[in-house]
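Single-structure report; data block below.
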Amino acid sequence: MANDLKHIKINKAFWNGLFISLMVVLVWWGYNFIRGPKIEDGYSFQVKFDDILSLTKGNDVIYSGLTIGEVKEVGKIGGANSAEITPIVTLSIKEEYEDILYKDAIFTIKSPLFVGDYWVEVTRGIPRSQDKIAKGEVLEGVAELNPSKLPAEIQKGLKPILINFDAFSESLVSLFN
């Protein structure tokens with residue numbers, strides 16, 4: 001039997017099939033690694049924000065640097081009969097972390113330099129509450145800074161500088177005249 005195995009030749013089709021199979025497995029593993037684990041068990045609650053920036057389904061929920069959940073859904077409250085449409089985000093928290101979230105929690109949408117991936121960061125508020133967040137509860141959250149309002153904020157900050165620069169240039173012109 002051992003002599004028979006020495007004489008078996010493996011053709012190119014076998015190696016091509018093995019290579020393609022390994023690539024499919026590697027791509028599947030890479031996709032699941034990048035995507036991260038999906039939160040199937042645990043509990044969900046909603047957080048209202050003034051602006052959700054570019055937060056999307058699947059973004060992380062982070063507490064003290066630890067990923068405790070993900071954004072399950074991004075939607076809006078209100079409609080044609082409502083005076084205001086409010087963005088609302090459904091957060092899904094892993095079951096093992098449900099004991100660390102209290103009603104004093106502050107939910108903030110964050111991003112590195114307004115580009116790239118967004119996430120929801122959870123911190124404890126002051127005063128400290130002893131009441132836990134219930135499943136299905138609706139809470140309030142804040143966005144760090146709206147990038148679309150950034151030019152207006154910069155212009156508002158530059159206005160005193162421009163007025164002083166204008167006065168300086170007028171004084172300089174009158175000095176040379």
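In what follows, every heavy atom counts, from backbone to side chain, and hydrogens, waters and symmetry copies are set aside.
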With the side chain counted from C-beta on, respond yes when [X] and [Y] share a heavy-atom pair under 4.5 Å apart, and no when they do not.
X: I88; Y: V47; answer: no
X: R124; Y: D104; answer: yes
X: Y43; Y: I133; answer: yes
X: E70; Y: N59; answer: no

Do [X] and [Y] share a hydrophobic cluster, counting only Ile, Leu, Val, Met, Phe, Trp and Tyr and linking them when any side-chain heavy atoms are less than 4.5 Å apart?
X: I106; Y: V71; value: no
X: I93; Y: V74; value: yes
X: V120; Y: L101; value: yes
X: Y102; Y: Y63; value: no
X: I62; Y: V122; value: no

**Report entry** Among K103, Q46, K132, side chain to side chain contact (heavy atoms under 4.5 Å, CB included) partner for E137
**Finding:**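 One option only clears the test, and that one is K103.
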Query - Closest contact, heavy atoms only, L55 versus V89 - result: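 That closest heavy-atom pairing would be CD2-CG2, 3.9 Å.
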Query raised in the report: Counting only N and O atoms by type, is there a donor-acceptor contact under 3.5 Å from the side chain of N16 to the main-chain atoms of F19?
Result: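 No; zero donor-acceptor contacts below 3.5 Å.
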Query raised in the report: Looking at F107 versus F45, is the centre-to-centre ring distance below 6.0 Å?
Result: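 Centroid distance F107-F45: below 6.0 Å, so yes.
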Working to the nearest 0.5 Å, report the span between [atom1] of [X] and [atom2] of [Y].
X: T90; Y: K72; atom1: OG1; atom2: NZ; answer: 7.5 Å
X: I68; Y: L91; atom1: CD1; atom2: CG; answer: 8.5 Å
X: K94; Y: I100; atom1: NZ; atom2: CD1; answer: 10.5 Å

**Report entry** side chain to side chain contact (heavy atoms under 4.5 Å, CB included) assessment of F49 paired with I109
**Finding:** CA-CA 9 Å; F49 292 98; I109 298 175; 3.7 Å; yes
Requested in this report: Start with the C-alpha distance between I52 and Y118, add both sets of side-chain angles, then the distance that settles side chain to side chain contact (heavy atoms under 4.5 Å, CB included), and finish with yes or no.
Outcome: CA-CA 10 Å; I52 57 168; Y118 286 80; over 6 Å; no
